[in-house]
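Everything on this sheet refers to the single structure shown next.
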Amino acid sequence: MVRTSTMVLNGNLTVQMNQTILQNRKQRKNGHVNGEKRTNFPAAKGVSCRQYSPESFEQAPMYVAVLTYLGFGIVTLFGYFRDFLRAVGLEKCHLAQEREEQKEFVPMYQDFENFYTRNLYMRVRDNWNRPICSLPGPAFDLMERVSDDYNWTFRLTGKTIENVINMGSYNYLGFAENNEDFLKTVADKTLQYGVGVCSSRQEVGNLSSHEELERLVADFLGVESAMTFGMGFATNSMNIPALVSKGCLILSDELNHTSLILGARLSGATIRVFKHNNMHSLEKMLRDAVCSGQPRTHRPWRKILIMVEGIYSMEGSVARLPEIVALKKKYKAYLYLDEAHSIGAVGPTGRGVTELFRLNPADVDVMMGTFTKSFGAAGGYIAGNKELVNYLRSHSHSAVYATAMCPPVVEQIIRAMKCIMGVDGNTVGIQRIRQLAENTRYFRSRLKEMGFIIYGNDSSPVVPILLYMPGKVVAFSRAMLARKIGVVVVGFPATPITEARARFCLSAAHTRAMLDKVLHHLNEVGDDLCLKFSRRKISPRPVLFNETDFELDS
Amino acid sequence: MSPGVGPGTWTGADVQQRYRGPAVSTDPRPRRMTLQTLQTHLAWLYYQYLLVTGVYVLEPWERALFTSVLLSAAAMVGYTSYVFLPVHLRLALHFFSGVFGGQAESAVTLMS
């Protein structure tokens with residue numbers, strides 16, 4: 001059993017593991033790399049370490065919020081003006097409209113709801129949906145497109161913008177590659193099984209490679225059993241209704257992904273939202289739920305399910321897993337952990353947030369993840385007890401009705417996972433994990449030093465840079481593309497209205513030279529657009545980034 | 001690397017200059033402000049104005065409309081201050097000096 005102490009004031013958390021857990025860990029884990037036993041695994045020494053690095057959510061100065069609202073206000077005013085011109089007929093309306101004969105009917109196209117889309121998104125939508133014409137690796141090629149009518153329609157010029165550095169793909173370990181040697185097994189499997197499965201898992205679509213994959217996933221995570229699905233979004237939205245139903249309570253983090261929210265809503269359970277990563281809020285809700293029970297009848301809840309994510313993709317913050325596990329044990333709730341972005345990307349051997357915090361994977365009741373991000377494939381998995389997975393095999397909508405995962409994708413996941421686990425003494429996987437960790441550390445520290453406001457945990461490869469104002473968001477994306485760096489910017493509906501951001505996803509395939517180039521251009525664009533809002537004071541002492549470049553004065 | 005050719009093509013990057021190298025020279029020696037650098041600096045200030053007010057996302061005629069409304073409002077403020085501010089300031093000064101001056105006199109009489 002894992003004992004956790006209460007949180008010390010300065011944020012450090014001590015976890016001590018029992019001997020049996022250590023033995024289990026050693027048996028399951030491939031501790032031999034290249035013939036030599038790895039001794040730097042901290043749990044083996046039983047040493048308590050600083051587990052939870054502080055996350056910063058620095059607030060910008062007040063004038064930034066004021067100017068952001070001002071910008072939105074002015075664009076909204078012009079939006080009303082243009083809507084008026086369209087209604088009067090002085091301007092051509094590009095949107096869908098009913099036919100003349102149907103003008104008397106109940107309106108089919110609700111006009112006002114799309115106000116924001118029509119009047120802000122449409123003006124600047126050349127920054128999204130850019131067509132890519134190569135592999136989305138560390139660098140890619142874009143097709144150049146222009147618009148003649150202010151982004152209502154586009155046309156491709158035929159030219160290609162080549163070798164754009166890719167800072168937007170979820171390619172954390174660099175498995176989005178087209179190297180022939182690495183993909184040999186995938187090609188063989190495709191020749192053997194074909195591409196289409198033409199059936200669902202329950203009927204005739206259960207291939208032997210699916211069974212092999214599920215055994216491998218269970219092995220990788222250190223749990224009893226796992227099950228895979230063809231689509232990551234569908235894994236969440238179709239399986240949560242199978243686990244909870246009316247009469248159950250779901251405690252969901254404020255910033256959970258849409259798939260989790262959709263699954264929770266489809267299930268029919270009562271949903272209560274606690275503040276992001278705020279354990280006081282969660283504990284209060286758990287306490288209220290256990291004491292008061294269901295709303296009118298005061299019967300006890302049938303099940304209480306806490307839903308959190310490993311890494312939140314819009315903030316780059318990491319869930320406080322040790323505290324959540326302690327709370328769930330105290331109040332007898334269940335934990336659903338969505339490791340879409342964290343599996344393969346965090347932890348010393350890429351096992352996700354449970355490894356990052358040195359927790360026993362058996363503490364998490366339902367572990368969910370996707371293969372889209374770190375494994376360069378598609379699909380998702382749910383792992384846990386044997387009973388849980390057996391139940392899902394027959395009761396999950398996705399397992400019963402959805403088409404099974406296709407053989408090339410299955411083989412890609414198998415080869416990526418074997419690479420990370422280091423079977424056959426292969427060190428490529430562990431090198432990539434280390435490269436990703438180093439890239440993350442370097443990039444984040446340099447950005448902080450430059451004066452940008454970035455959110456999130458220091459070990460998360462998702463780095464959001466706050467841009468705030470709508471004009472700057474758009475100008476940033478265009479300026480970076482002009483310098484051949486592709487970034488993803490996110491604005492209002494996906495983030496709070498005052499916190500528009502650019503989200504950088506680091507990859508193990510990025511070399512130090514690429515990161516330096518990106519940082520150099522970020523520095524210039526940051527000065528050009530005045531994006532360096534941070535008021536933090538950085539230590540003047542130089543930090544050694546690359547030991548080989550350090551020259552001794554002697 | 002600004003895409004687009006032909007008249008009426010909306011690149012959205014018409015204000016933002018094509019990337020020609022760092023906007024500010026990295027030479028640390030102080031330089032005299034030539035006409036060229038003044039022009040560049042004014043262009044940069046205009047760019048900041050567009051970004052901060054959100055006018056950057058609007059079409060050129062909307063920008064012209066907004067800027068003309070803003071400039072006319074600023075002109076009206078300027079004209080009103082030019083006409084009325086000296087008069088108001090003089091009256092205010094007179095009022096306050098009258099109060100303080102009167103107080104000083106009365107204090108003197110009391111003391112003596």
Side-chain angles (χ1 to χ4, degrees), chain A residues 63-64 66-79 81-82 119-124 126-127 142-152 155-157 159 161 164 467-479 481-484 520-521 523-525 527-531, chain B residues 1-28 30-31 36-74 77:
Chain A
Y63 73 87
V64 173
V66 170
L67 291 174
T68 308
Y69 280 120
L70 173 74
F72 272 108
I74 291 176
V75 177
T76 310
L77 278 175
F78 273 98
F81 177 53
R82 293 293 290 268
N119 292 308
L120 183 54
Y121 177 69
M122 281 299 184
R123 290 182 192 273
V124 293
D126 61 302
N127 295 311
L142 290 175
M143 298 172 77
E144 195 186 54
R145 59 178 184 168
V146 297
S147 173
D148 298 318
D149 52 357
Y150 303 107
N151 290 342
W152 285 99
R155 65 180 165 86
L156 300 169
T157 58
K159 276 170 54 187
I161 308 176
V164 178
L467 303 173
Y468 299 104
M469 300 173 213
K472 291 195 180 179
V473 160
V474 172
F476 181 81
S477 181
R478 288 178 188 153
L481 187 61
R483 291 153 193 256
K484 305 236 282 188
H520 168 74
H521 286 300
N523 198 8
E524 285 182 0
V525 172
D527 283 331
D528 223 9
L529 266 60
C530 293
L531 292 171
Chain B
M1 200 69 206
S2 96
V5 289
T9 309
W10 173 240
T11 64
D14 53 344
V15 180
Q16 176 190 325
Q17 291 149 13
R18 189 179 298 219
Y19 178 51
R20 291 190 196 98
V24 181
S25 75
T26 47
D27 188 1
R31 299 183 52 215
Q36 185 67 21
T37 54
L38 183 66
Q39 265 183 331
T40 316
H41 192 64
L42 283 176
W44 184 80
L45 279 176
Y46 176 60
Y47 186 45
Q48 293 305 308
Y49 150 73
L50 288 182
L51 288 175
V52 159
T53 54
V55 173
Y56 179 76
V57 307
L58 301 177
E59 296 169 26
W61 64 271
E62 289 169 328
R63 272 188 206 165
L65 181 63
F66 179 80
T67 314
S68 60
V69 166
L70 193 68
L71 285 179
S72 49
V77 167

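The chains referred to below are lettered A, B, ... by the order of the sequence lines, with proteins before strands, and numbering in each begins at 1. Atoms considered below: every heavy atom in the structure, side chains included; atoms not considered: hydrogens, waters and symmetry mates.
Counting heavy-atom pairs closer than 4.5 Å to chain B, the top residue among A/C530, A/G73, A/P470 is A/C530. The candidate with the highest count of non-hydrogen atom pairs below 4.5 Å against chain B, out of A/N523, A/L120, A/L529, is A/L529.
The aromatic rings of B/Y47 and B/Y56 sit perpendicular, their planes meeting at an angle over 60°, well past the 30° parallel limit. By the 30° and 60° cut-offs, the orientation of the rings of A/F78 relative to A/F81 is perpendicular.
Using a 4.5 Å heavy-atom cutoff, the side chains of A/N151 and A/R123 are not in contact.
In this structure, the portion of B/Q48 lying under 4.5 Å from any heavy atom of chain A is its side chain and not its backbone. Contact of A/D527 with chain B is made through the backbone alone, with heavy-atom distances under 4.5 Å.
For B/Y49, the OH atom is densely surrounded, since the number of other residues' heavy atoms within 6.0 Å is greater than 12.
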